[in-house]
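Below is one structure, written out as structure tokens; the observations come after it.
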Amino acid sequence: MARFKKGGKAPKVSAEKHHSKTTKRMRKIKISSGAYIAPSFLGVLAFFILPFLVVIYYSLVDNPISGNFVFLDNFFSIAGNTAFRRAVNNTLTFSAVAVPLAVVLSLLLAIVLEAKLPFRSQFRTFFLSPMMVPVASIVLIWQVLFHYNGAINEVLVALGGGKIDWLKSDYALIVVVILFLWKNLGYNMILFMAALASIPKDILEVAQLESAKPLQTFFYIKIRYLSSTLLFVTIMSLINSFKIFREVYLLTGDYPYDSIYTLQHFMNNKFKSLDYQTLSAAAILMSLVMIVIIGILFVAEDRFGKDVEG
């Protein structure tokens, strides 16, 4: 003690050494963390950020070869394109019908399975099977069912009805919606089942002791704890509704019936004709719409579910 009092520098030197060691350790942690993150960051930069910047550039020039700056002319041109307007209308109609159905039906299925009914495993397997089956096989099943000479028409004829050209009539949208639901209900159902299982049991027991009715328990308790899962399922269903092009393309080709001609068909055809500036303008408009819709969903979930967080 006396020695430290005479010099008065030992504690300070010790503190400086400790600070130096801590600084070196933090520097090593940052370097190692950066080394782990670097491959992922480079991948995102190379395959997402840079291509999107290229798309923005293409949308502002007359064509990629001459590169003459035309500002918003491509956007005004595409806004007056009849095929683009029809594709936008069909895509929004499909999403407005299919996404709410996918969310509501998968939630109802999760609630039914939570009730521990008989044949639960078989019921679950039926809705999860599309996740294990290749897309080409799913499309083949739908062709067998909804072809003009397919199984559905054979049943209609046996019942005394007439044949329907399902994929070349106004029924085409219904066929695609059913396909979309069958593909996505199983995954959404599993998410809702996990979210229902995580709801605190003591809160449900208190509600039961207070003589709350099942609907009251669902709307005032369960639905609030499901808000984050509802947001995630809605966003994933919305994104998947924009990706239905793959199945429709395999079913009907480049130019399907008018009611199922979507934005992806429009952009695919523009890509084939090398009309990159129109394709890029359409992609940016589509991205902006998606950002606005998802932003609205996040705001709604934040206001609705904030009372159960933490």
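In this chain, numbering begins with 1 at the start of the sequence shown.
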Evaluate the side-chain proximity of [Y] to [X]: yes if any heavy-atom separation is below 4.5 Å, no if none is.
X	Y	value
Phe84	Leu263	yes
Met290	Leu238	yes
Asp275	Gln277	yes
Ile260	Val175	no
Asn81	Phe266	yes
Phe192	Leu109	no
Asn269	Tyr261	yes
Leu285	Val88	no

Non-hydrogen atoms of [X] and [Y] that approach each other most closely:
X	Y	answer
Phe218	Leu107	CZ-CD2, 3.8 Å
Ser169	Ser259	O-OG, 4.1 Å
Leu113	Met189	CD1-SD, 3.4 Å
Leu185	Ala102	CD2-O, 3.5 Å
Phe180	Ser237	CZ-O, 3.5 Å

Connected via hydrophobic side-chain network under 4.5 Å: [X] and [Y]:
X	Y	result
Leu167	Val135	yes
Ile78	Leu288	yes
Val144	Val176	no
Val233	Ile296	no
Leu45	Leu53	yes

So how far is it from [X] [atom1] to [Y] [atom2], rounded to the nearest 0.5 Å?
X	Y	atom1	atom2	result
His265	Thr252	NE2	OG1	4.5 Å
Met132	Ser137	CE	OG	12.0 Å
Ile111	Ser106	CD1	OG	9.5 Å
His147	Leu251	NE2	CG	11.0 Å
Asn188	Phe232	CG	CZ	9.0 Å
Ile221	Ile199	CD1	CD1	8.5 Å

Sort and list the pairs that fulfil side-chain hydrogen bond (donor to acceptor under 3.5 Å, both in side chains) and have at least one residue in residues 86-100, not counting sequence neighbours.
-> Ser95-Ser241
side-chain hydrogen bond (donor to acceptor under 3.5 Å, both in side chains) partners of residues 170-181, not counting sequence neighbours, each pair once = Asp170-Tyr257
More than 12 heavy atoms of other residues, nucleotides or ligands under 6.0 Å from [atom1] of [X]: is that the case?
X	atom1	value
Ile65	CD1	no
Glu154	CD	yes
Phe69	CZ	yes

Would you check, one step at a time, whether the test side-chain contact (heavy atoms from CB on, under 4.5 Å) holds for Val248 with Phe94?
-> CA-CA 12 Å; Val248 178; Phe94 176 78; over 6 Å; no
Where does the angle between the aromatic ring planes of Tyr58 and Tyr276 fall among parallel (under 30°), tilted (30 to 60°) and perpendicular (over 60°)?
-> parallel
Could you tell me which residues satisfy side-chain hydrogen bond (donor to acceptor under 3.5 Å, both in side chains) with [X], sequence neighbours excluded, listed by chain and number?
X	result
Asn149	Lys163
Tyr249	Asp254
Asp62	Ser66, Asn68
Trp166	Asn153

Apply side-chain contact (heavy atoms from CB on, under 4.5 Å) to the pair Val44 and Ile49, showing each step before the final yes or no.
-> CA-CA 6 Å; Val44 171; Ile49 297 176; 4.1 Å; yes
Between Ser280 and Asn74, is any side-chain donor less than 3.5 angstrom from a side-chain acceptor?
-> no
Donor-acceptor pair, Arg224 side chain versus Phe219 backbone, under 3.5 Å?
-> no
side-chain contact (heavy atoms from CB on, under 4.5 Å) between Thr217 and Gln208: does it pass, once the steps are laid out?
-> CA-CA 8 Å; Thr217 302; Gln208 189 175 4; over 6 Å; no
Between Phe75 and Ile284, is a side-chain contact (heavy atoms from CB on, under 4.5 Å) present by the stated rule, with each step listed?
-> CA-CA 9 Å; Phe75 294 93; Ile284 290 175; 4.1 Å; yes
